[in-house]
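Contents: one structure, followed by commentary.
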2 protein chains.
Amino acid sequence: MSENVGRWLRDEIENSILSNEFSPGERLDETVLATRFGVSRTPVREALMQLDAIGLIEIRPRRGAIVIDPGPHRVYEMFEVMAELEGLAGSLAARRLDKASREAINATHARCEQSAAAGDSDAYYYDNEEFHKAIYAAGRSDFLEEQCLQLHRRLRPYRRLQLRVRNRLSTSFLEHCAIVDAIFAGDGDEARRLLRGHVGIQGERFSDLVASMAAR
Amino acid sequence: MSENVGRWLRDEIENSILSNEFSPGERLDETVLATRFGVSRTPVREALMQLDAIGLIEIRPRRGAIVIDPGPHRVYEMFEVMAELEGLAGSLAARRLDKASREAINATHARCEQSAAAGDSDAYYYDNEEFHKAIYAAGRSDFLEEQCLQLHRRLRPYRRLQLRVRNRLSTSFLEHCAIVDAIFAGDGDEARRLLRGHVGIQGERFSDLVASMAAR
DNA sequence: GTCAACAATCGTGTATACAAGAATAGCATT
DNA sequence: AATGCTATTCTTGTATACACGATTGTTGAC
């Protein structure tokens with residue numbers, strides 16, 4: 001448990017939303033949550049205010065909080081922004097790469113290779129996350145890294161769904177290879193271009209997303 | 001006043017921070033704020049939680065809330081991300097431009113021209129804001145628009161300082177012209193490139209920023 | 001005179017109480 | 001039977017009370 005109940009509840013409820021335990025559109029009753037977690041309504045309300053500020057739920061005055069349903073189109077838009085931010089991170093990483101970042105990227109990249117070779121989609125899911133985080137960090141921009149991490153977190157469930165698509169695993173890893181090459185070569189523009197393509201959802205990948213979202 | 005005191009307080013305190021009424025590093029005492037606004041501590045706390053989630057203040061458990069001091073380097077990073085997001089908005093606008101957006105951009109652009117010609121830096125400050133907002137809207141991506149507006153809001157005070165720099169007004173307007181041309185010509189890549197340059201803080205503009213921040 | 005330990009005070013964190021608006025169900029009227 | 005009005009209930013919004021940790025000031029020892 002975190003140092004105060006409010007933050008703990010925020011993380012707890014956030015995870016419940018991201019793991020689809022609370023479905024989009026569902027109403028979050030303060031009293032129910034309070035008894036469920038064995039606390040009073042006060043910290044529950046504080047957690048909800050924060051989630052509202054982040055954009056995970058919507059608090060309609062006097063009418064309670066509901067989990068926001070992004071819908072395929074908005075998720076697409078979020079991936080579009082994510083692609084742009086990751087592209088920037090990649091281009092910065094290419095320019096500013098130092099030894100530690102280079103090793104971190106190499107290490108996570110190697111782990112991705114293993115998971116991809118093994119066809120282990122769950123393992124790849126985690127390793128892929130670490131790989132991308134290594135690139136955020138290599139960009140050496142604290143603000144950008146924070147923005148990337150936050151958006152990455154919100155997109156986590158959809159990312160997971162995407163990996164289930166046929167061949168996506170090996171395709172993804174091949175793209176990683178090219179990205180690593182560009183960054184290590186110091187080619188910021190190429191790294192940016194490749195990352196935009198890697199993260200964004202173009203063409204048939206959008207219908208894959210819609211299908212997987214509908215399947216839940 | 002908004003529909004509930006918490007939101008009203010959030011906006012009120014947010015404005016006070018952005019207008020530098022509460023200086024960076026300053027401690028925000030819940031009781032003081034409560035008496036100052038004539039309410040109890042409960043809505044004050046809720047407002048503070050939201051501001052913490054947005055990133056304007058930091059709440060250290062059991063040790064109160066302080067206004068975050070971005071510092072020149074972090075402000076630079078924020079402009080860097082802003083430039084990237086605006087670049088995306090511009091490229092989308094170039095591709096998706098419709099009649100209404102075109103007219104909105106033209107109208108705000110014309111107002112910028114007048115303020116720039118008059119050398120009225122305060123008027124230009126407002127018109128410039130509307131111009132950029134018109135581009136966000138023209139991109140037709142709700143999520144991107146929200147992100148742009150949020151970051152734009154946080155950077156507002158620094159943007160204002162920047163306009164005070166010699167010749168910045170006319171330079172800025174000339175850049176606007178090129179941006180409008182690129183968007184109207186449907187050249188997304190060029191619009192992106194120009195907006196990145198227009199918004200980002202390269203070269204001597206960084207030292208201008210540092211100087212103006214120190215001058216406060 | 002400086003530093004450390006202890007006590008008092010102050011401020012935050014949580015719970016509970018109360019007020020007020022929104023949803024709902026029941027009754028009456030058409 | 002359907003619709004509209006009213007009363008009740010339920011939930012949110014705000015205030016207040018209480019508990020606990022942090023900060024600070026004072027006193028004593030070296």
Side-chain angles (χ1 to χ4, degrees), chain A residues 1-18 20-70 150, chain B residues 1-18 20-70 150:
Chain A
M1 190 183 308
S2 185
E3 45 235 326
N4 62 6
V5 181
R7 308 228 172 167
W8 170 62
L9 278 176
R10 170 172 60 76
D11 295 340
E12 208 67 26
I13 299 174
E14 183 177 0
N15 286 332
S16 298
I17 292 174
L18 290 180
N20 215 30
E21 191 179 335
F22 295 132
S23 341
E26 184 173 343
R27 170 123 173 274
L28 298 178
D29 189 301
E30 295 176 1
T31 310
V32 172
L33 288 172
T35 56
R36 166 171 172 170
F37 289 105
V39 296
S40 83
R41 274 179 52 223
T42 308
V44 171
R45 281 183 63 79
E46 293 186 342
L48 292 180
M49 310 289 330
Q50 292 184 70
L51 294 175
D52 179 72
I54 294 174
L56 267 178
I57 67 173
E58 182 189 351
I59 297 181
R60 302 160 303 174
R62 291 252 170 226
R63 298 179 57 220
I66 56 168
V67 179
I68 283 190
D69 179 9
Q150 191 176 330
Chain B
M1 188 184 309
S2 185
E3 44 236 325
N4 61 6
V5 181
R7 307 230 169 165
W8 170 62
L9 278 176
R10 169 171 61 76
D11 295 341
E12 209 66 26
I13 299 174
E14 183 177 359
N15 285 332
S16 298
I17 292 174
L18 291 180
N20 215 31
E21 191 179 336
F22 296 132
S23 341
E26 184 173 342
R27 171 119 174 273
L28 297 178
D29 188 303
E30 296 176 0
T31 310
V32 172
L33 288 172
T35 57
R36 166 172 172 169
F37 289 105
V39 297
S40 84
R41 275 179 51 224
T42 308
V44 171
R45 282 184 62 80
E46 292 186 342
L48 292 181
M49 310 289 330
Q50 292 184 70
L51 293 176
D52 178 73
I54 293 174
L56 268 178
I57 67 174
E58 182 188 351
I59 298 180
R60 302 159 302 174
R62 288 251 169 226
R63 299 179 57 219
I66 57 169
V67 179
I68 283 190
D69 179 10
Q150 190 175 329

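First the proteins, then the strands, lettered A, B, ... as listed; each starts at 1.
A heavy atom lying under 4.0 Å from DNA chain C marks none of the residues of residues 44-60 of chain A. Near DNA chain C, defined here as any heavy-atom distance below 4.0 Å, the residues from residues 30-39 of chain A are A:Val39, listed numerically.
Identified under the side-chain hydrogen bond (donor to acceptor under 3.5 Å, both in side chains) test for residues 33-44 of chain A, with sequence neighbours left out: A:Glu21-A:Arg36, A:Glu30-A:Arg41. Screening residues 38-67 of chain B for ring-ring contact (aromatic ring centres under 6.0 Å, His included) gives no qualifying pairs among residues at least two apart or on separate chains. Among pairs with a residue in residues 34-60 of chain A, those fulfilling ring-ring contact (aromatic ring centres under 6.0 Å, His included) read A:Trp8-A:Phe37, at least two apart in sequence or across chains. Within the structure, no pair that satisfies the ring-ring contact (aromatic ring centres under 6.0 Å, His included) test touches residues 46-69 of chain B, not counting sequence neighbours.
Rounded to an integer number of Å, the gap from B:Ile66 CD1 to C:dG11 P is 17 Å. The CG-P distance, from B:Asp29 to D:dT24, rounds to 13 Å in whole Å. Between A:Arg62 atom CZ and C:dG21 atom P the separation is 6 Å, expressed in whole Å. Here C:dG11 presents its C1' atom at 14 Å from CG of A:Asn4, a figure rounded to the nearest Å. In this structure, the CG atom of B:Leu28 is 10 Å from the P atom of C:dT12, given to the nearest Å.
Annotation: side chain to side chain contact (heavy atoms under 4.5 Å, CB included) contacts of B:Asp29 (sequence neighbours excluded): B:Thr31, B:Val32. For B:Asn15, the side chain to side chain donor-acceptor pair (under 3.5 Å) criterion is met by B:Arg153, not counting sequence neighbours.
Between A:Asp11 and A:Glu14 the shortest side-chain heavy-atom distance falls below 4.5 Å.
Counting any heavy atom pair closer than 4.0 Å across all strands shown, A:Arg63 reaches sugar-phosphate atoms only and no base atom.
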Ignoring hydrogens and angles, write down the donor-acceptor pairs under 3.5 Å from the side chains of residues 47-64 of chain A, residues two or more places apart or on other chains.
from, atom 1, to, atom 2, distance (Å)
A:Gln50, OE1, A:Arg10, NE, 2.8
A:Asp52, OD1, A:Ile59, N, 3.1
A:Arg60, NH2, A:Arg63, O, 3.0

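The side chain of A:Ser40 lies closest to C:dA15 when the candidates are D:dT11, C:dG13, C:dA15.
Donor-acceptor pairing under 3.5 Å, judged by distance alone, is absent between the side chain of B:Arg41 and the base of C:dG11.
Listed here is the closest heavy atom pair of A:Pro24 and A:Asp69: CB-CB, 3.4 Å.
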